[in-house]
Amino acid sequence: MLKEENKLKPARPRILVVDDEMMMRVLVCESLRQAGFEPIEAADGEEAMGLIQECEPDLILLDVLMPGMSGFEVCSWLRTEQNDQATPVLIMTGLEDVSSIDRAYDTGATDFITKPLNYPILTHRIRYILRQKEITDQLRISEKRLALTQQTALLGHWETIPGDPFVYVSNTARSILGESFEGSKISKKKLFGQMAPDDVEAYQRQLQIGVDTASRVQFEFILNKEDGGQRIVFLDLEPLVKNGEVVKIVGVFQDISDRRNAEKHIYQLSNYDEVTGLANRARFLDKALNKIKYANERRKSVAVFMLGLDNFKVVHQSLGHAEGNQLLIELSKRLERFVRTRNSNKNLTSRAEVRKNINPNCENDLLASLGGDEFALALWGVRQAEEAGWIASTISHLIKAPIDLNGQEIVVTCSIGITFFPLDGSEPDMLLKNAEVAMHYAKSAGKDCYQLFSESMSWQSTRRLKLEADMRQAVENQEFSLHYQPKVKIADGRVSGVEALIRWDHPEQGFVSPGEFIPVAEETGQILQIGKWVLETACKQAKAWADQGTPLCISVNVSMLQLRDYEFCELVSSMLQKYQLESSLIQLELVESMLMDSMDDNSQKMQILRDLGVTIAIDDFGTGYSSMAYLSQLPLDVLKIDKSFIDLLLDDENPVAIVEATIALAHALELKVVAEGVEQEVQVKMLSDLGCDEIQGYYYSRPLNVDDFDLWIADFMGSPQKAKGNHISTLSNK
Ligand code: C2E
Ligand code: CA
Ligand code: CA
């Protein structure tokens, strides 16, 4: 609300009566009071000045002749020094004192009234002046409001006469034009100098149309300000016609730069990916729709490629946000180049067709970023699986070429899913969805490869998506549990420790294998939360067994994403502390393949963990192609030979050499060797001969829940020979 609005319509208007004659004041005040005013009185000019500042009267009734300051002096003080033009001043003068009346007006009085006073006329005049003031006040307020609105809306007034070299503008309009323009009269020449020549031409053309047809014209142009800034200005002009001739052109002039920029920004946000600047999913689907309609009419084919970067979450996590984005930008540029080359080749060959009115835009290939680590392509005219495969290999080579990120060389691979229109879907989103299904297939098949979509894939992908969603509540709903599988030391036949293996009892689907949901959890990042739960549960259990007097070391499987998490070492340390657990009772199993990249970083973290007192095992050894030389650089305690190698021992054709060499080398590095997945006695016998230290596998026991495990171990300790066979079949063994 504007300040003046508070002062409108006081309940009883306050009138300051200034007169040195007391009798006069009493009479005037009394008649004012009776007429519904609230009089206050001052006996001279000085007192009046004080009361004016203090009481803010609505009207001042001022005697001219007073000792000290005269009424004129008070009035001119009010108008000049107080800069108050609004408060009405009614001067009281002697009858027919014309010079006083003139002087009163000169000093800024609103009106005069002659003495002796006619009281009814006095009150009427006061009322009239106050009403007048109220109207003026309201006008001023609405003027101010308008000015304020115009300022906020960056809306100015614009006026010109046909043929006049000037335009006449309001303050706001001038402030839009910039500081180089002064006053309200603006030279058209100067103004045109700051507009693009095309815009000047368009302005003159539009204006001429307006004048010729006597109709309103609207027009937008870019103003290049002298300070280097650029504004977008909107003009809405209306010719004023008198006697059939245009006499003036008036209109509004508005700075719409912010609005245009916001619109542009919104358009950008809703159509393009923020990081890479590529089209986003919405725009892709929109454009692809045109493309397939067009293809349909011409019986052509379109292939949709969905491309997902492999393990990008891990890469992103270890690189940091900014570098991760830099990487995405580089990859998107490569894809853009690929698409551009294809498009330009196409246009060269189809120029003749273009002339035959074929829409080349629809034949162009599309590229989009689907947010994060996924991209989509719609490629025109690809109909053969063979051709698609060839293109997929080209793309994956493009992606795979090393990227230099601040001196660090990064290699990223991708998995690609492919669908064809019309074979795999008639709508863009169906084609994209199915391509995504195929892409996940490619991922699970081992990454860095491509996969064409087939019908049988979709139900499996639905299951995957459901698992992913359900997993979010699984920790909270206590659907996970840990099972424990013993490891037996060959030398003395005693249980040397257990491996904790997670189990998910899904409310609808029952038991879900970790082999199925752990990869999903790793891809979505949920493994961090799940892994934390596993670690805590294992610590709690290790503590419970220790407190019962049967301490057992628990091996916990750790995912790559967990190890990469910069808080992981701290998490392990805090869990040990929380459960007051002897740190040698926890072993961490790291999969061989995950240690291959970021060696330095991993090795440093492993050292920190070992310093805490936990031991570290390398899991699934033999599957990750790592060499012993490389292993020797890592701080390790245990090597677990993968089941696939242990299985070789059952094969007569295969010599035991690989297992034998592995054990020998591990021992040379002072690592303890555990054989995984041992199912048969002959394997135990052979492993024992080869010098293997510990055995884990169904031969002794399947992974068991805590209660079953407690029974098993009691039994086993009583009679190891008896225990081993019985419990495979009799105990619950999910
Ligand atoms: P892994 O770490 O290699 O675990 C050994 C797997 O082999 C377990 O499968 C175990 O039940 C199975 N196994 C043990 N002995 C035998 C045997 O004699 N014969 C056969 N055929 N299999 C045997 P499981 O429990 O299904 O776990 C599969 C994988 O899931 C694990 O492989 C591990 O990579 C992962 N996993 C399980 N629990 C966790 C966990 O808490 N965290 C993480 N990150 N991964 C886990
Ligand atoms: Ca393991
Ligand atoms: Ca393993």
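Atoms within a ligand are numbered from 1 in the order they appear, just like the ligands themselves.
Geometric assessment of R702 against the ring of Y698 yields a positive cation-pi assignment under the 6.0 Å and 45° thresholds.
Every atom of ligand 1 is numbered from 1 in the order shown, and the set under 4.0 Å from a heavy atom of R503 is 11 (O), 25 (O). Residue G697 has at least one heavy-atom neighbour below 4.0 Å for each of these atoms of ligand 1: 15 (N), 18 (O). Counting the atoms of ligand 1 from 1 in the order shown, those under 4.0 Å from a heavy atom of V678 are 18 (O). Atoms of ligand 1 found under 4.0 Å from any heavy atom of S559 (numbered from 1 in listed order, with element): 44 (N). The atoms of ligand 1 that sit less than 4.0 Å from any heavy atom of G677 are 15 (N), 16 (C), 17 (C), 18 (O). The D620 neighbourhood of ligand 1 comprises atoms 3 (O), with distances under 4.0 Å to a heavy atom of that residue. Using a 4.0 Å cut-off to heavy atoms of E499, the atoms of ligand 1 that qualify are 2 (O), 4 (O). Close contacts between ligand 1 and E676 involve ligand atoms 3 (O) [criterion: under 4.0 Å to a heavy atom].
The minimum distance between the Ca ion (ligand 2) and any N, O or S atom of E499 involves atom OE2. Per residue E589, closest N, O or S atom to the Ca ion (ligand 2): atom name OE1.
On a distance-only criterion, P514 and ligand 1 share no N/O pair closer than 3.5 Å.
Counting heavy atoms from C-beta outward, L331 and I403 have side chains that approach closer than 4.5 Å.
Scored by the side-chain contact (heavy atoms from CB on, under 4.5 Å) test, K578 finds E536 as partners (sequence neighbours excluded). Residues passing the ring-ring contact (aromatic ring centres under 6.0 Å, His included) test with F312 are H316, sequence neighbours excluded.
One N or O on the side chain of K543 and one on the backbone of Q580 form a donor-acceptor pair closer than 3.5 Å.
Just one residue in the list K640, H483, Q485 forms a side chain to side chain donor-acceptor pair (under 3.5 Å) with E499, and that residue is K640.
Between F709 and W545, the ring planes are tilted. Angles from 30° to 60° get that label. Using the six-membered ring where Trp is involved, H506 and W504 have ring planes that are tilted, between 30° and 60° apart.
Taking backbone and side chain together, N557 holds an N, O or S atom under 3.0 Å from the Ca ion (ligand 2). Residue contacts to the Ca ion (ligand 2): D620 brings no N, O or S atom closer than 3.0 Å. In summary, an N, O or S atom of D619 is located under 3.0 Å from the Ca ion (ligand 2).
At a heavy-atom distance under 4.0 Å, only side-chain atoms of V534, from C-beta outward, approach ligand 1.
For E468 and R472, the salt-bridge test passes: some basic side-chain N is under 4.0 Å from an acidic carboxylate O.
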